[in-house]
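Below is one structure, written out as structure tokens; comments come after it.
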Amino acid sequence: MLTAIQKWQKALSEEIKARFGLELPPDEIPFTFPPKPELGDAATPVCFSLARKLKRPPQVLAQELAQTTLDGVRESRCAGGYLNLFVDRGWAIESLLGGRFVPKGWRGKTIIEHTNINPNKAAHVGHLRNAVLGDTLARCLRYLGREVEVQNYIDDTGVQVADVVVGFERILGFGPEQLEALLCIYERFATKDSQAQGPMDRLQEWLQRGGLSSPDGVFAITEALRPILADPEKSNLAYGWLVSSKGRFDSFCWELYAKVAHWYAEDDSRLKARHETLRDIEGNVEPTSTIAARVAEEMVRCHLRTMERLHVRYDVLPHESDILKSGFWQACFDKLKAAGAVHRVPDESGDKNRGCWVMALSEADGFEGLSDADKVIVRSSGTVTYIGKDMAYQLWKFGLLGRDFKYRLFPNPLYRVWRSSSTVAGADPPSFGHGESVINVIDVRQSYLQRIVREGLKLMGYKAQAEASVHFSYEMVALSRKTALELEQRKEITLCEEDRTKPFVEMSGRKGLGVQADVLLDLLEERAQEEVSGREPELPKEEADSRARLLAASALRYYMAKYDKNQVVAFDFDQALAFEGETGPYLQYACVRAENILRKAAEMGIAMPEMSGSEAVAKALGLMEPEGWGVLALFLRLPNIVQQATSSLDLHLVARHLYQAAQAFHAYYHAFPVIQEPDPQKREARLLTVLLFARLLRSSLQELLGIEVPERM
RNA sequence: GCGCCCGUAGCUCAGGUGGAUAGAGCAUCUGCCUUCUAAGCAGAGGGCCGGGGGUUCGAGUCCCUCCGGGCGCACCA
């Protein structure tokens, strides 16, 4: 289905051909929007370029083109060479309210892969940008009528998980029982803060508050942890993290993971532990493989919970371990070999890649000037690299592998989500994969690898799928210098000399450098809570909490969505914690204000206007002030904005546009009182403006940006 | 060395395929709450759009070049 502008472009293209004998494709007819609403609802400067080709003044051409009949346009005027269009308001409102965009011309689904946090530590603010962009893209595509499947890839076999397992086994001396005991504490105890007294007292208290007052439960846990508690060094470490993690297992692992990196750095020979652990995980050697699986699963649960706070959900969680166990890599490897896309570097050669299977990139477009033209796919040890697994995964996403996972439900208390499995199949999973196009949301640092995956597909003969493989590349989130120095002062992070001189500090899970997503969300909710209770002290706590959550989520989502994707976000606490100015709450507030007027009007017994169809509506629309109409007209452009945003992956366009709409409404709100307006007809027109605005903004925020609006704030 | 990205107000950023007077937010200053919630509005100051060349009716936007900064180019993911 064509949007209004596309229809106009088509009609104008035909008119230009008929009138001037000039072929001008519809999408080459530019559309802009007049700076003032009085000038019209839309405009095209096309006559400027026509003027050159036809050697006639643009004003004259615009006069002629103004004769064109355009769908929904009641008047075309020319002004200084521009062709300005005034739409029929009734038509515009009808199409806004009724016209969901019918999915024509789009068959097949789009697979979006996003989030992809290594399941070995808590999510940090960088991961939030990924998730927000991925989720916003999914929402925008669904708004346009596309079928979307959201996948969150879980790398549960890599070095990162291995490292945290090393931490549990070798630094803390944990086995499966101790891990279970720890998880049990986390499961029962989910409150945020505590001030430690004596370690054992505290543990007992936590256990009791967590509903583990049954002596057996406490006994079981303390029994399991006894060997750890007997060792002061281990028990101090674990206890410290237990406290600082504020009830979150992923936060515990965040500390543990950073500790492991430090532990390696102290003594190189300790890296042996990493390799042994990695080997045991892959070889299903107990207890290591159980610990790894348990840690990864629990971590994914933590991440799902974190993302749920931002209203981000997933359809399926493909696990890397299942890619290996289900023979995906083998099938992919066979295809690569059959196509001659990879070759083995002989053992006896002097090449540094001897014994490896490599993909030659020297012939490929866009890989010129590499220091090494060969990319290792299979290591000399016979194990496959990340890039190989990723190629197999990409093939599966397109349904090209000839294999599928089994699926079972992931143990998630929040909503139904499936995960891959190599062995156990749950009841009636939907069909996953078989995408027509695939969008991988990964930060810019992985561009090179994403290009290799595409190149691999091409070499295997899947040219169309290589074309349909999109890397949604965005810049990283770093800590602003100000924020980094603040955090260092509070002893939450440690910076090296080099970091201190840089304009911003790159985050690093390994170095424990970053701001945890949940910590930021907690801060946001706290601040929101203060604001809410400052305004309505009488509000029941539950209601206040729920409002604070919506405010915090919207502040964060808008903060992550408003920047151009190529812009490094220098994360700054002051900016991220703001609720004023260009922020999520500002958008919500516009909606709440509009709804307040409606509520008040209803309380006063003023009838709500019809929104479409009747004579009265047409009349009210005609009586709207240009400013009021200007607010609503912004929503007319929304479908085009969303379309452009999704095709260029510039999602900030959507965020900024809705901000602009909110801004326009706030100004209107102050200038045009509704309830106090004595003239009933004017009042009717204003009420209709407010009603339509409230409807449109609320649904747009929710559908496109994943921002929910509270009833009041 | 090669490749990609960024440089616009004191700070953080917008400025779709070149078009109407370069805009927002924060910060600073001045007004506006007995009038639909001030998480707001109105206004002021603040700009050689990194520098220099070009392309044309028209360049913040396109091309070349230089300068400054970031990120990639692993048998890590």
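Naming: A, B, ... by sequence-line order, numbering from 1 per chain.
One finds no side-chain N or O of Asn118(A) lying less than 4.0 angstrom from the OP1 or OP2 phosphate oxygen of A77(B). Dashed line: the shortest gap from a side-chain N or O of Tyr589(A) to OP1 or OP2 of A39(B) is under 4.0 Å. The side chain of Asn596(A) contributes no N or O atom lying less than 4.0 Å from OP1 or OP2 of C36(B). Residue Tyr558(A) places no side-chain N or O under 4.0 Å from the OP1 or OP2 atom of A39(B). The phosphate of A38(B) has OP1 or OP2 within less than 4.0 Å of a side-chain N or O from Arg593(A). The shortest distance between the side-chain N/O atoms of Lys565(A) and the OP1/OP2 oxygens of C4(B) is not below 4.0 Å.
Using a 4.0 Å heavy-atom cutoff across all strands shown, Val378(A) reaches no nucleic acid atom at all. Residue-level contact check: Glu28(A) touches neither bases nor backbone, having no heavy atom under 4.0 Å from any strand. Among the heavy atoms of the strands lying under 4.0 Å from Glu506(A) are primed sugar atoms or P, OP1, OP2 only; no base atom is included. Residue contacts shown for Phe579(A) include a base, since a base heavy atom lies under 4.0 Å away. Residue contacts for Gln663(A): at a heavy-atom cut-off of 4.0 Å it reaches the sugar-phosphate backbone alone, with no base atom in range. Among the protein residues, Phe31(A) comes within range of the nucleic acid bases, having at least one heavy atom under 4.0 Å from a base atom. Using a 4.0 Å heavy-atom cutoff across all strands shown, Ile377(A) reaches no nucleic acid atom at all. Among the heavy atoms of the strands lying under 4.0 Å from Lys502(A) are primed sugar atoms or P, OP1, OP2 only; no base atom is included. Contact annotation for Arg683(A): no contact, since no heavy-atom pair falls under 4.0 Å across all strands.
No hydrogens or angles were tested; on distance alone, a donor-acceptor pair under 3.5 Å links the side chain of Ser380(A) to the base of C75(B). Counting atom types as modelled, Arg535(A) pairs a side-chain N or O with a base atom of A39(B) as donor and acceptor under 3.5 Å. Counting distance only, with no hydrogens placed and no angle test, the side-chain atoms of Asp163(A) and the base atoms of A77(B) include no donor-acceptor pair under 3.5 Å.
Of the N and O atoms on the side chains of Asn440(A) and Gln446(A), not one donor lies less than 3.5 Å from an acceptor on the other residue. Using modelled atom types, one finds a donor on one side chain and an acceptor on the other under 3.5 Å when comparing Asn596(A) with Arg599(A). Gln160(A) and Tyr257(A) are linked by a side-chain donor-acceptor pair at a separation below 3.5 angstrom, with hydrogens and angles left out of the test.
A donor-acceptor contact shorter than 3.5 Å is absent between the side chain of Ser508(A) and the backbone of Leu513(A). At distances below 3.5 Å, at least one donor-acceptor pair connects side-chain atoms of Asp156(A) with backbone N or O atoms of Ser321(A).
Between Pro585(A) and Glu582(A), the residue whose closest nucleotide on RNA chain B is further toward the 5' end is Glu582(A). Nearest-nucleotide positions on RNA chain B for Leu551(A) and Tyr386(A) put Leu551(A) closer to the 5' end.
Closest to the Gln644(A) side chain, of the nucleotides A77(B), C73(B), G16(B), is G16(B). Residue Met476(A) has its side chain nearest to G70(B) when only G70(B), A77(B), A14(B) are considered. With C5(B), C13(B), C36(B) as the choices, the nucleotide that has an atom nearest any side-chain atom of Arg656(A) turns out to be C13(B).
Protein atom CG of Asp564(A) is 7 Å distant from nucleotide atom P of C6(B), rounded to whole Å. Counting to the nearest Å, the C1' atom of C11(B) and the CG atom of Asp572(A) are 9 Å from each other. Taking atom CD1 on Ile641(A) and atom P on A14(B), their separation rounds to 16 Å, with Å as the unit. A straight line from CZ of Arg712(A) to P of A39(B) spans 15 Å, rounded to a whole angstrom. In this structure, Glu603(A) places its CD atom 11 Å from C1' of C36(B), rounding to the nearest Å. When the P atom of G70(B) is taken as reference, atom OH of Tyr474(A) falls 21 Å away, rounded to whole Å. Between the OH atom of Tyr669(A) and the P atom of C41(B) there is a distance of 11 Å, given to the nearest Å. The interatomic distance linking Phe48(A) (CZ) with U56(B) (P) rounds to 19 Å, in whole Å.
In this structure, Arg686(A) forms no cation-pi arrangement with Phe672(A), as its terminal cationic atom is not both closer than 6.0 Å to the ring centre and no more than 45° off the ring axis. Under a cutoff of 6.0 Å and an axis angle of 45°, Arg129(A) and Tyr474(A) do not form a cation-pi pair. A cation-pi contact, defined as under 6.0 Å to the ring centre and within 45° of the axis, is absent between Arg593(A) and Phe665(A).
The same atom, C1', is picked in G68(B) and in U28(B); the two are 29 Å apart, to the nearest Å. G46(B) and C33(B) have their P atoms separated by 28 Å, with the value rounded to a whole Å. Comparing the C1' positions of G58(B) and C41(B) gives a spacing of 37 Å, expressed to the nearest Å. U12(B) and G52(B) have their P atoms separated by 23 Å, with the value rounded to a whole Å. Separating the P atom of A24(B) from that of G15(B) is a span of 15 Å, rounded to the nearest Å. To the nearest whole angstrom, the two P atoms, one in G72(B) and one in U61(B), are 29 Å apart. Taking the C1' atom of each, C6(B) and G50(B) are spaced 11 Å apart, rounded to whole Å. Across U17(B) and C62(B), the matching C1' atoms stand 11 Å from one another, rounded to whole Å.
No side-chain heavy atom of Val342(A) sits under 4.5 Å from any side-chain heavy atom of Val358(A). Inter-residue side-chain proximity for Leu144(A) and Val642(A) is flagged as met; some heavy-atom pair is nearer than 4.5 Å.
Across all strands shown, G70(B) is found opposite C4(B) as a Watson-Crick or G-U wobble partner, with both distances under 3.5 Å. The partner of U28(B) is A44(B), judged by Watson-Crick or G-U wobble contacts that both fall below 3.5 Å. Pair assignment for C75(B) gives none, since no Watson-Crick or G-U wobble pairing has each distance under 3.5 Å.
In summary, of the residues considered (Glu536(A), Glu708(A), Glu711(A)), a salt bridge (Lys or Arg N to Asp or Glu O under 4.0 Å) with Arg547(A) occurs for Glu536(A) alone.
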What protein N or O atoms touch nucleotides 27-34 of chain B N or O atoms at under 3.5 angstrom, if any, and at what distances?
none

